[in-house]
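What follows is one structure encoded as structure tokens, with my remarks underneath.
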Number of protein chains: 2
Amino acid sequence: MIINPDSNTEQLILETAEKLFLEKGFALTSTTEIARVAGCNQALVHYYFRTKENLFNSVFEKKVRLFATGLLQVDQPGISFEQKLKHMIEAHFDMLSANPGLPFLVFNELITNPERLKKLRGNMLDLPKLVFFPLKAELEVEIAKGNIRPMTIYDLILTVVSLNVMLFIASPIFKILADLNEEAIEKLIVHRRQENVTIILQSLKNNI
Amino acid sequence: MIINPDSNTEQLILETAEKLFLEKGFALTSTTEIARVAGCNQALVHYYFRTKENLFNSVFEKKVRLFATGLLQVDQPGISFEQKLKHMIEAHFDMLSANPGLPFLVFNELITNPERLKKLRGNMLDLPKLVFFPLKAELEVEIAKGNIRPMTIYDLILTVVSLNVMLFIASPIFKILADLNEEAIEKLIVHRRQENVTIILQSLKNNI
DNA sequence: GTATAATTTAACAGATCTATTAAATACAAA
DNA sequence: TTTGTATTTAATAGATCTGTTAAATTATAC
């Protein structure tokens, strides 16, 4: 007989954990601190999630999926490949902008914990195809037509991800190193959103 | 009376620590493990470096400086701005290639430990000017001549760093996710070295 | 109201980690 | 060989962290 089906406490712990994991990663976040910030007893964290690893996985897989699907296309028929790509870059950028801690968490945990990475390979085999396939055919058409210089879809995606992600990994560092205020950071982000599109679209050009 | 001026043990501990910090970062590396891998008693780590923080700082500042100076220009008079930029991108890429764990360490520690970042601001104030200033004037000349579309030196550097760094942050992940062998990774790296140059040079073009 | 189940708490076991200390050992100079 | 210093070791203090347990509290059902 479940009394409280969406237990406030369980949800609170989950949200607090998410916040702290995004800020400091798995290793530097203790269940003790999660409980303290959530304002509950430390044993409750283990009562609801048994282990810290379980709790982490509850937020991590969701975050990886969010990260990967940020590249997904919204199907908009009738617009040019360039326009479609522009929308994809911007949508990916906006997803990161709404989740600025995402790249740090994903890369940090995948690099430091190969086990997590291996586990992911099983769970996420669908994603690459989901992300790459729609764009791949269109890219190849454009290349065949001579509109775009030869490249693979992996090249294109890696470029998009590199430019978009690195901004959000680096901006907390700029912020302190260059002593920027929130407004200046916001301005930088708005500017780079446009700049990344320009860089990528120009880089596709075929100089025969 | 110092008997062993460049104590083998001290150097061994330092090198072991560097290796482990690069692999797993500060939090996941214990002085116990450093001693175990170095094959010495754990108290020795503290005998030579007193604290884990000290030991970390001994490797970290050097790594940050390496990371930042990777962008420094070798002065080659008489070559075009484009050629100079190409050399800079390639030199930066090669530095990363020789130190693939560097970006992870630097970003991870600067993001998770704001104290380190603030301390850095004091120590590294010279670096931005050292890195940016030589290129800045030349970029502005090219823009004034209409050879390059308007942009700031910060835009250009951020683009270079984004494309180069992300490859080395992401490639250990590709390696496992896409099940690539060493040879395939090496091929990817060689390819992206060229690709990054192409992307950046093309992205500079001024379409009037 | 009482029995029952869910939630919360305090206390703690066991592990690990950083750092220190005091003793043992190796080494260099006299 | 003796003496003083540097290096190394074992042992341990003290802190913190994960996860468990048993008891207390709260909520629900009858």
Side-chain angles (χ1 to χ4, degrees), chain A residues 1-61 105 108-109 112-116 119, chain B residues 1-61 105 108-109 112-116 119:
Chain A
M1 251 148 271
I2 290 152
I3 291 171
N4 201 344
D6 47 353
S7 159
N8 289 337
T9 310
E10 181 172 358
Q11 190 59 28
L12 180 63
I13 289 170
L14 194 65
E15 283 164 17
T16 306
E18 180 170 316
K19 175 177 160 341
L20 292 175
F21 284 142
L22 280 167
E23 274 170 24
K24 315 190 297 173
F26 180 80
L28 286 174
T29 305
S30 67
T31 56
T32 310
E33 188 187 7
I34 293 168
R36 189 178 52 73
V37 175
C40 72
N41 189 284
Q42 179 260 349
L44 270 187
V45 177
H46 294 274
Y47 172 72
Y48 282 113
F49 298 92
R50 202 168 57 80
T51 66
K52 178 182 164 187
E53 185 74 26
N54 274 354
L55 177 54
F56 184 78
N57 287 339
S58 299
V59 313
F60 188 60
E61 188 157 326
L105 182 72
N108 189 37
E109 300 308 331
T112 55
N113 192 329
E115 287 315 303
R116 258 194 259 295
K119 208 171 112 192
Chain B
M1 249 151 272
I2 291 153
I3 291 172
N4 201 343
D6 48 354
S7 159
N8 290 337
T9 308
E10 180 173 359
Q11 190 60 27
L12 180 64
I13 290 171
L14 193 65
E15 283 164 17
T16 306
E18 180 171 316
K19 176 177 159 340
L20 293 174
F21 284 143
L22 279 168
E23 274 170 25
K24 316 191 295 171
F26 179 80
L28 287 173
T29 305
S30 67
T31 56
T32 310
E33 189 186 7
I34 293 169
R36 189 180 51 74
V37 175
C40 73
N41 189 282
Q42 179 260 349
L44 271 187
V45 177
H46 293 273
Y47 172 72
Y48 283 113
F49 298 93
R50 201 167 57 80
T51 67
K52 179 181 164 187
E53 185 74 27
N54 273 355
L55 176 54
F56 184 78
N57 288 339
S58 299
V59 313
F60 188 60
E61 188 156 328
L105 182 71
N108 190 36
E109 300 308 331
T112 54
N113 193 328
E115 286 315 304
R116 261 194 258 292
K119 207 172 114 190

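Both backbone and side-chain heavy atoms feed into the values below; hydrogens, waters and symmetry mates do not. Just so it is clear: chains get the letters A, B, ... in the order the sequence lines come, proteins before strands, and each one is counted from 1.
- For A:Ala43, counting side-chain heavy atoms from C-beta on, the closest listed nucleotide (D:dT21, D:dT9, C:dA19) is D:dT21.
- At least one side-chain heavy atom of B:Phe49 sits under 4.5 Å from a side-chain heavy atom of B:Ile13.
- Counting to the nearest Å, the P atom of C:dT9 and the NE2 atom of A:His46 are 14 Å from each other.
- Rounded to whole Å, atom P of C:dT25 lies 14 Å from atom CG of B:Asn41.
- Closest approach of A:Glu33 and A:Leu28 over heavy atoms only: OE1-O, 4.0 Å.
- Rounded to a whole Å, the CD atom of A:Glu53 is 9 Å from the P atom of D:dG19.
- With C:dT18, C:dT8, D:dG19 as the choices, the nucleotide that has an atom nearest any side-chain atom of B:Lys52 turns out to be C:dT18.
- Between A:Leu20 atom CG and D:dC17 atom P the separation is 13 Å, expressed in whole Å.
- Counting only heavy atoms from C-beta on, A:Leu44 has its side chain closest to C:dT8 among C:dT8, D:dA10, D:dT20.
- Per the geometry, CD1 belonging to A:Ile34 stands 16 Å off P belonging to C:dT8, to the nearest Å.
- Counting heavy atoms from C-beta outward, A:Tyr47 and A:Glu10 have side chains that stay 4.5 Å or more apart.
- Residue A:Thr31 has no polar side-chain atom (N or O) positioned under 4.0 Å from OP1 or OP2 of D:dC17.
- Spacing between atom CZ of A:Phe56 and atom P of D:dT18 amounts to 13 Å, rounded to whole angstrom units.
- Computed from coordinates, the B:Arg36 CZ to C:dC17 C1' distance equals 14 Å when rounded to whole Å.
- Among the atoms of the strands shown, base atoms are found under 4.0 Å from some heavy atom of A:Thr32.
- Distances were taken from every side-chain heavy atom of B:Gln42 (C-beta onward) to each of C:dT8, C:dT18, D:dT20; the shortest belongs to C:dT18.
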(request) Begin with the C-alpha distance, continue with both residues' side-chain angles, and end with the deciding distance and a verdict on salt bridge (Lys or Arg N to Asp or Glu O under 4.0 Å) for A:Glu115 and A:Lys119. (result) CA-CA 6 Å; A:Glu115 287 315 303; A:Lys119 208 171 112 192; over 6 Å; no

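- A:Arg50 has its CZ atom 19 Å from the C1' atom of C:dT7, to the nearest Å.
- Among the nucleotides C:dT8, D:dT8, C:dT9, the one closest to the side chain of B:Thr9 is D:dT8.
- Ranking C:dA11, C:dT18, C:dT7 by closeness to the A:Tyr47 side chain, first place goes to C:dT7.
- The shortest side-chain heavy-atom distance between B:Thr51 and B:Phe56 does not fall under the 4.5 Å cut-off.
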